[in-house]
Amino acid sequence: MSQRQPRWLQLGYSTMPLKICLHISTFNPGGAERQIVNLARELAGRGQRVTLLHEQKDVQKTHYLDAIREKGVELVYAFAPDFLKQGIMQSRRRPEFFGNIPAARSIRMVILYLAGALAQLKPDIVHSYLDLTNCTGGCAAFLAEAPVHLASFRNVDPRTGRFPWADLTLPLYRYLLANTSQYFEANSRAGVLHYARWLDIDPGSIAYTPNGIDPSVYMSPGAGSPRELREALALPPAAPIVMTLARFSQEKSPEAMLDIFARVHAAHPEAHYVIAGSGMTDDGEMGAMVRERGLEGTVHLLGVRSDVAPLLSCADVFLLPSRVEGFPNAIMEAMTAGVPVVASNVGGVPDLVRHGEDGFLHEAGDVEGMAESVRRLLADTETRTRLGNGGRQRILEEFSLQKLGDRVLARYAELLEKSGR
């Protein structure tokens with residue numbers, strides 16, 4: 001028997017656009033930011049009315065600004081005083097409810113400004129990403145009487161990840177749990193379990209919605225040949241390339257990256273290691289660690305790059321030894337580009353990478369095990385090709401941007417039906 005269609009589909013309203021408000025604080029170069037922009041573009045491309053509500057004052061510095069505007073997504077900055085004056089003060093729900101929330105005054109003001117913006121936008125769905133934004137957006141959606149607020153968990157819970165906002169967000173999440181218009185999702189199965197345990201709720205109440213990616217970008221990278229890019233980066237034409245795309249942070253295990261490559265380089269002295277991401281520069285802490293290990297000339301720190309697809313076209317192996325992960329975009333990009341992955345078996349990584357089929361997974365901190373897997377892939381062209389092809393096929397079948405759009409719109413339909421809309 002086929003699954004019952006949502007009522008709005010039964011009534012023939014499948015072509016009616018929804019008013020969708022996607023909400024995140026800033027557009028810094030991070031995984032959650034990239035995913036919300038991808039989702040905005042996908043939904044807008046399907047004819048939905050999409051607004052990106054944000055709190056970044058200087059939007060001209062937005063890392064993903066061109067990608068946002070390309071599809072006609074509306075950008076709304078929530079901190080305009082008119083929103084507070086014209087929006088929330090006209091709501092039937094008053095800010096007195098803040099008396100039950102042990103939040104800082106600044107958080108309360110953020111909520112008020114957001115609520116004012118939402119009261120004017122009148123969206124069908126408010127969809128927030130990341131913990132602090134989930135909490136402020138959820139409270140604001142309640143004040144503005146939005147039909148549905150969907151909070152998206154993008155990592156493990158703050159307590160497990162040892163993030164500093166754990167004590168602030170827990171009481172706010174508990175407040176939101178009492179609101180019938182509040183719903184949750186996580187982008188990894190590990191995230192579902194972590195948040196359910198932390199919030200003491202049924203894991204079945206948290207939907208699993210994995211990330212999506214546009215395969216065409218990474219399968220046809222353009223921007224010159226790999227040979228030309230190698231020349232520009234001063235990489236030998238035939239040198240094996242290990243690559244990492246990650247910001248500099250302790251959860252990404254930058255020391256382990258270099259310790260793994262040092263072992264690889266001992267067996268493959270012709271190999272080079274390319275690392276790109278925020279904070280991955282010669283004049284920063286990562287550069288100092290490279291010099292401490294005597295790896296100058298073989299480790300190349302590129303900082304933030306916009307040419308990720310061309311970079312991956314040069315890579316032979318992708319390495320990510322994180323101790324904490326959500327659902328890593330960088331691994332999705334590598335798999336789409338046909339690059340086999342060696343990574344820690346944490347967070348959403350096992351949702352993506354099948355050990356022995358798309359790459360090799362190891363326990364976090366297993367430096368020698370990951371080094372051995374990298375060495376094996378560099379030495380075995382047949383295995384490297386097989387795993388790379390397997391990863392690309394997996395992305396095409398399960399984690400494309402089209403799949404993400406399908407999953408999200410189905411979820412919206414389900415939640416709007418529950419809300420009576």
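We use all heavy atoms of the structure for the numbers below, so side chains are in, but hydrogens, waters and symmetry mates are not.
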Exercise for the section: Evaluate side chain to side chain contact (heavy atoms under 4.5 Å, CB included) for Leu199 paired with Asp157, printing each intermediate quantity in order. Expected result: CA-CA 9 Å; Leu199 298 175; Asp157 71 84; over 6 Å; no

Exercise for the section: Compute whether any side-chain donor of one residue and acceptor of the other, for Ser322 and Glu325, lie under 3.5 angstrom apart. Expected result: yes

Exercise for the section: Under the salt bridge (charged side-chain N to carboxylate O under 4.0 Å, His left out) rule, what do Glu372 and Arg376 come out as? Steps first, then yes or no, please. Expected result: CA-CA 6 Å; Glu372 175 55 33; Arg376 175 183 172 186; over 6 Å; no

Handout entry: Heavy-atom closest pair, residues Asp131 and Pro158
Key = OD2-CG, 3.4 Å

Practice task
Give the C-alpha distance, both sets of side-chain angles, the deciding distance and a yes or no for salt bridge (charged side-chain N to carboxylate O under 4.0 Å, His left out) between Glu368 and Arg375.
Solution key: CA-CA 10 Å; Glu368 184 53 51; Arg375 290 192 294 259; 2.7 Å; yes

Fill in the blank from the handout: Across all chains, not counting sequence neighbours, the side chain to side chain contact (heavy atoms under 4.5 Å, CB included) partners of Ser419 are Pro147, Val148, Leu416, Arg421

Exercise for the section: Decide whether Glu55 and His23 meet the rule of one side-chain donor and one side-chain acceptor closer than 3.5 Å. Expected result: yes

Practice task
Apply side chain to side chain donor-acceptor pair (under 3.5 Å) to the pair Tyr273 and Thr244, showing each step before the final yes or no.
Solution key: CA-CA 8 Å; Tyr273 190 16; Thr244 293; 2.6 Å; yes

Handout entry: Heavy-atom pair with the smallest gap, counting every atom of Arg247 and Met280
Key = O-CE, 3.7 Å

Problem - Check: Asp124/Tyr412 side-chain N/O donor and acceptor closer than 3.5 Å - result: no

Practice task
Assess whether salt bridge (charged side-chain N to carboxylate O under 4.0 Å, His left out) is satisfied between Arg411 and Glu185, documenting all intermediate values.
Solution key: CA-CA 10 Å; Arg411 180 69 170 154; Glu185 68 173 10; 5.5 Å; no

Exercise for the section: Kindly say whether the aromatic ring centers of Tyr183 and His149 come within a distance under 6.0 Å. Expected result: no

Exercise for the section: Classify the angle between the aromatic ring planes of His300 and His272 as parallel (below 30°), tilted (30 to 60°) or perpendicular (above 60°). Expected result: parallel

Exercise for the section: Check the pair Asp351, Arg189 against salt bridge (charged side-chain N to carboxylate O under 4.0 Å, His left out), reporting the backbone distance first and the verdict last. Expected result: CA-CA 7 Å; Asp351 293 341; Arg189 291 186 174 89; 3.5 Å; yes

Practice task
Could you tell me whether the side chains of Tyr195 and Asn155 share a donor-acceptor contact shorter than 3.5 Å?
Solution key: no

Fill in the blank from the handout: All heavy atoms of Leu396 vs all of Pro215, minimum pair found to be CD2-CB, 3.6 Å

Problem - Steps toward side chain to side chain donor-acceptor pair (under 3.5 Å) verdict (Asn187, Tyr208) - result: CA-CA 6 Å; Asn187 67 344; Tyr208 166 55; over 6 Å; no

Exercise for the section: Answer yes when Glu398 and Arg407 have at least one side-chain N-carboxylate O distance shorter than 4.0 Å, and no when they do not. Expected result: yes

Handout entry: Between Asp202 and Ser205: side-chain donor-acceptor atoms closer than 3.5 Å
Key = no

Handout entry: Ring centers of Phe153, His194 separated by less than 6.0 Å
Key = no

Practice task
State, to 0.1 Å, how close Ala78 and Leu114 come at their nearest heavy-atom pair, and which atoms those are.
Solution key: CB-CD2, 3.4 Å

Practice task
Determine, step by step, whether Arg154 and Asn211 satisfy the side chain to side chain donor-acceptor pair (under 3.5 Å) criterion, reporting the C-alpha distance in whole Å, the side-chain angles of both residues, the deciding distance to 0.1 Å, and the verdict.
Solution key: CA-CA 9 Å; Arg154 313 304 297 181; Asn211 290 356; 2.6 Å; yes

